[in-house]
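Worth knowing before you read on, the calculation uses all heavy atoms, side chains too, and leaves out hydrogens, waters and symmetry mates. Within every chain, numbering begins at 1; the chains are lettered A, B, ... in the order of the sequence lines, protein sequences first and strands thereafter.
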2 protein chains.
Amino acid sequence: MIQKNIDCEKCFASPDAIFSLLTPEELEYVKKHHSCAYYKKNDILFKEGDEPIGLLMLSDGKIKVFREGVGRREQIVRMVKPFGLMGFRGLFATENHIATAVALEDTVICIVDKDDLMKLIRENSNFAIGIIQALATELGFSNRRTVALTQKHIRGRLAESLLFLKDTYGLEDDDATIKIYLSREDIANLSNMTTSNAIRTLSTFASEEVISISGRKIKIIDLKKLERISALG
Amino acid sequence: MIQKNIDCEKCFASPDAIFSLLTPEELEYVKKHHSCAYYKKNDILFKEGDEPIGLLMLSDGKIKVFREGVGRREQIVRMVKPFGLMGFRGLFATENHIATAVALEDTVICIVDKDDLMKLIRENSNFAIGIIQALATELGFSNRRTVALTQKHIRGRLAESLLFLKDTYGLEDDDATIKIYLSREDIANLSNMTTSNAIRTLSTFASEEVISISGRKIKIIDLKKLERISALG
DNA sequence: CCATTAATATGTTTTTCAGCATAATAGTGA
DNA sequence: TCACTATTATGCTGAAAAACATATTAATGG
């Protein structure tokens, strides 16, 4: 699965990626020592219980990270977009992965092994602060999400998920269609509801002309209304 | 509210506290530059929307951290025990507080302002890693909790909360009574249910002889059973 | 110490949503 | 291409939990 030193240039070039915080020497070092991995749609990057191997940066593609709860029902806790970091939390909490990561489309990731990661954190305080920022942002997201998922009703949860997907992956050229191709089941697992209810509620939103649906493509027609539904709960 | 340089010795002496990672010089510096703050039961440490001022370490007491959701209903996202860190997440995510912290009993905290905090993180990689560990652990907790709160049924959620309180604050000398004094409302806000349902379900647990209740004191009678209820959902 | 308010307790009603069933449609592999 | 499977769609039923109502008990302040 893992091929050495191919095709993560984007990770090293993008100003959005955490590697932009490295010194030229460190960057050179990482370029030499990292690995790349390629995954096809539905491939598993890591599973709950696996030992973390280091820092994974998504170079290309989309990933869902979920936990299995009661009755193997999955709850998506994160959606990753390019240059997002994964897989290193457990290293620091000294535990194995508590979630599973699956590619939603063909995906390339960049891997920095744990020793190199620790080395960078120790040597470069900017990089360490970058890691802290990533965790702090993610924790904020998680706390907000906990409350939204537990307190909002189905319509509110689904509306919030759609807005979240829009914010995360953006819109297509029509400036309306959410740039992700998710099954109804994934949308349900993101929004803490059954697949039936995700389908049903999406249909309702469509009939209310808040969104329009064409297969798995979801177009936001009335953003204000969608935001209102989300805010109201 | 804030008095300078009094009574946080514990924070500087405990091997459990993050300050144990500081060099003697840094420790001296923090001892000189920190502040102490004293709060009575129900006092607010910080509110959702407030600007973070630095790192808060709980020296003595107990604190709940919650977010207000739909209809001002509060969801507790964290319970802090001595030497736990608070209030710095927003500094790194560059946003204001997204939650409110309230003292559950008389409380002493130690405050390191943000400039000093940044200085320590930049200078001492062990300290930086300590901060990373705190965030990583908290994020793991939050993710687990999201799934438990959304997927488990009332009994499972309440059982889990009781076990969580036991693990966080420990047991009294009888090795059974949970060492915290919480209102039913707080228990409900921790467990994502209405106060009525918290009261009702606690009564049920008592009648099933899983716990026994004496006012706000909760004694765990059948730990195995409680764990089973929590695991089952 | 009493009056007032807050917290706890418990019963009843209503809403929300999960669970199940069934059908139609879309995807996939031999 | 056709058979087979997965996904989407929709209706119906029942369980779970919120909302509401009303006592009862405990805590608090004048």
- Message: For DNA chain D, which residues of residues 196-210 of chain A approach it to below 4.0 angstrom with any heavy atom?
- Response: A:S196, A:I199, A:R200, A:S203
- Considering only heavy atoms, which members of residues 183-195 of chain B lie under 4.0 Å from some atom of DNA chain D? B:N192, B:M193, B:T194
- Message: Classify the ring geometry of A:H34 against A:F12: parallel below 30°, tilted from 30° to 60°, perpendicular beyond 60°.
- Response: perpendicular
- Task: Write down the distance between NZ (B:K217) and C1' (C:dT8), rounded to a whole number of angstrom.
- Result: 18 Å
- Query: CD1 of B:I213 versus P of D:dA26: gap in Å, rounded?
  - Reply: 14 Å
- Item | Upstream residue (5' side of DNA chain C) when A:R155 and A:K41 are each assigned their closest nucleotide |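 Taking each residue's closest nucleotide, the earlier one in sequence belongs to A:R155.
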- Watson-Crick and G-U pairing of DNA chain C written in dot-bracket, each distance under 3.5 angstrom, with | for inter-strand partners: ||||||||||||||||||||||||||||||
- Message: Does any part of the side chain of B:I53, heavy atoms only, come nearer than 4.5 Å to the side chain of B:F46, both counted from C-beta?
- Response: no
- Cation-pi check, B:R145 onto B:F164 ring (under 6.0 Å, within 45° of axis):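 Yes, a cation-pi geometry holds between B:R145 and B:F164.
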- Flag this pair as yes if the NZ/CZ of B:K217 is under 6.0 angstrom from the six-membered ring centre of B:Y181 and inside a 45 degree cone about the axis; otherwise no.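 The answer is no, since B:K217 fails at least one limit relative to B:Y181.
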- Item | Passing option when A:E138 is tested against A:R89, A:R144, A:R78 for salt bridge (Lys or Arg N to Asp or Glu O under 4.0 Å) | A:R78
- Task: Can you tell me which residue pairs pass the side chain to side chain donor-acceptor pair (under 3.5 Å) test with a partner in residues 220-233 of chain B, sequence neighbours excluded?
- Result: B:K152-B:S230
- Message: Using 0.5 Å steps for rounding, measure from the CE atom of A:M79 to the CZ atom of A:F66.
- Response: 11.5 Å
- Task: Starting from the 5' end of DNA chain D, give me the residue, B:Y181 or A:L182, whose nearest nucleotide shows up first.
- Result: A:L182
- Query: Does the side chain of A:T146 come under 3.5 Å of the side chain of A:N143 through a donor N or O and an acceptor N or O?
  - Reply: no
- With distance as the sole criterion, is a donor-acceptor pair present between the side chains of B:R67 and B:N189 under 3.5 Å?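 Checked: B:R67/B:N189 side chains show no N/O donor-acceptor pair below 3.5 Å.
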- Item | Residues within residues 145-154 of chain A bordering DNA chain C, heavy-atom distance below 4.0 Å |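 Hits under 4.0 Å, by residue number: A:H153, A:I154.
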- Which of these nucleotides, C:dA18, D:dA18, C:dA7, is closest to any side-chain atom of B:R216? C:dA7
- Taking only residues at least two apart or on different chains, which pairs with a member in residues 51-61 of chain B satisfy salt bridge (Lys or Arg N to Asp or Glu O under 4.0 Å)? B:K10-B:D60, B:E51-B:K114
- Note on the structure: Per side chain to side chain contact (heavy atoms under 4.5 Å, CB included), A:M57 is matched among A:I109, A:I18, A:V112 by A:I18
